[in-house]
Amino acid sequence: MSHSSPAAAALRASLPVLFGYVPLGIAFGLLFDGLGHPWYFATLMGLLVFAGAAQFLAVGLLAAHAGLLEVAVTTFLLNSRHLFFGLSLLTRFRVGGWRKFYLVFGLTDETYSLLTGTRPPDGVPRVSYDLWVTGLNQLWWVSGCTLGALLGRAVAFDTTGLEFTLTALFAVLVLEQYRATRALLPFLVALGCGLLALALFRQEHMLLLSIALSTAILVAHGKTRQWTPRST
């Protein structure tokens, strides 16, 4: 493999993602196995969803016997930030067919960070480099999900407390979002709406209702442009 090949350059860039995605994917696979579904469903979620926070959220909602519509709407709202990832790279993804679809599909937080924060070596086509980075990142994630599901099926594993990984993941996302926006108001609105929904509605419906209420208030506020990340 040449040092200037797109695969080699992308592999070097995606190694930090490997060390983050595989352990987190294993945690997801172990939690998913606790739902009682076949192990390969965890692999399929990694292939077809490829969104760590959304997959963890789906595990929690499915464990709480939430409806598929509630899971779908909550997942869409959670990942709606990815719409802005794609918009910011419209001029970058000037390719057609499956390559453009896959580049847009694979825009996770970490992939977006690599695509906007690294560049291929001289002589390496940008599109090929981007495709390899996206593909390798998804490979690390799918491998972790599959390994975790298989471990959960083969070895008696006490997952008590492992669900805290979801809370920890969201805590990290909140901190990263605050570091990017430096705006406290959206988080205070979300906290207030969450407490209000928890007080007024049943626990299994509070998440969706609090997200909808928070979104409505923030949109009505009309100053969302101030809360976009300062840099990419």
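What you are looking at is a predicted structure, and each value in this text was computed from that prediction instead of being measured.
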About how many Å separate [atom2] of [Y] and [atom1] of [X], when rounded to the nearest 0.5 Å?
{"X": "Leu31", "Y": "Ile26", "atom1": "CG", "atom2": "CD1", "result": "12.0 Å"}
{"X": "Leu218", "Y": "Leu185", "atom1": "CG", "atom2": "CG", "result": "7.0 Å"}
{"X": "Asp130", "Y": "Tyr102", "atom1": "CG", "atom2": "OH", "result": "12.0 Å"}

Please name the pair of heavy atoms, one in [X] and one in [Y], separated by the smallest distance, quoted to 0.1 Å.
{"X": "Trp39", "Y": "Ala149", "result": "O-CB, 3.7 Å"}
{"X": "Arg99", "Y": "Val127", "result": "NH1-CG1, 4.3 Å"}
{"X": "Pro121", "Y": "Arg12", "result": "CG-NH2, 4.3 Å"}
{"X": "Cys145", "Y": "Gln55", "result": "SG-NE2, 3.9 Å"}
{"X": "Ala10", "Y": "Trp132", "result": "CB-CB, 3.4 Å"}
{"X": "Asn137", "Y": "Ser14", "result": "OD1-CB, 3.3 Å"}

Under 3.5 Å donor-acceptor, Gln138 side chain and Gly46 backbone: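 Side chain of Gln138 to backbone of Gly46: a pair is present.
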Spell out, as yes or no, whether a donor-acceptor pair under 3.5 Å connects the side chain of Ser5 to the backbone of Ala8.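 Checked: pair present.
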Do Leu213 and Leu195 sit in the same hydrophobic cluster, where Ile, Leu, Val, Met, Phe, Trp and Tyr count as joined when their side-chain heavy atoms come under 4.5 Å apart? no
Is Leu191 reachable from Phe201 through a run of I, L, V, M, F, W or Y residues, each pair having side-chain heavy atoms under 4.5 Å apart? no
Given Trp98 and Leu131, is the side-chain contact (heavy atoms from CB on, under 4.5 Å) satisfied, shown in steps? CA-CA 11 Å; Trp98 68 269; Leu131 283 169; 4.3 Å; yes
Can you label the angle between the Phe41 ring and the His37 ring as parallel, tilted or perpendicular, going by 30° and 60°?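 Taking His37 first and then Phe41, their aromatic rings lie parallel (interplane angle under 30°).
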Geometric class of the Tyr21/Trp141 ring pair [parallel <30°, tilted 30-60°, perpendicular >60°]: perpendicular
Assess the residue pair Thr146 and Tyr40 against the criterion (side chain to side chain donor-acceptor pair (under 3.5 Å)); give the C-alpha distance rounded to whole Å, side-chain angles, the decisive distance to 0.1 Å, and a yes or no. CA-CA 7 Å; Thr146 303; Tyr40 52 82; over 6 Å; no
Donor-acceptor pair between Thr111 and Thr108 side chains, under 3.5 angstrom: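 Thr111 vs Thr108: donor-acceptor pair found between side chains.
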For side-chain contact (heavy atoms from CB on, under 4.5 Å), just list the numbers for Ile217 and Cys193, CA-CA rounded to whole Å, side-chain angles, deciding distance to a tenth of an Å, and then say yes or no. CA-CA 9 Å; Ile217 292 174; Cys193 291; 3.7 Å; yes
With a sphere of 6.0 Å drawn around CZ of Arg119, does it hold more than 12 non-hydrogen atoms of other residues, nucleotides or ligands? no
Count the heavy atoms of every other residue, nucleotide or ligand shown that sit under 6.0 Å from CH2 of Trp140, and state whether that count exceeds 12.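 Atom CH2 in Trp140 is crowded, with more than 12 foreign heavy atoms closer than 6.0 Å.
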Show your reasoning for whether side-chain contact (heavy atoms from CB on, under 4.5 Å) applies to Leu115 and Leu107. CA-CA 9 Å; Leu115 296 188; Leu107 275 179; 4.0 Å; yes
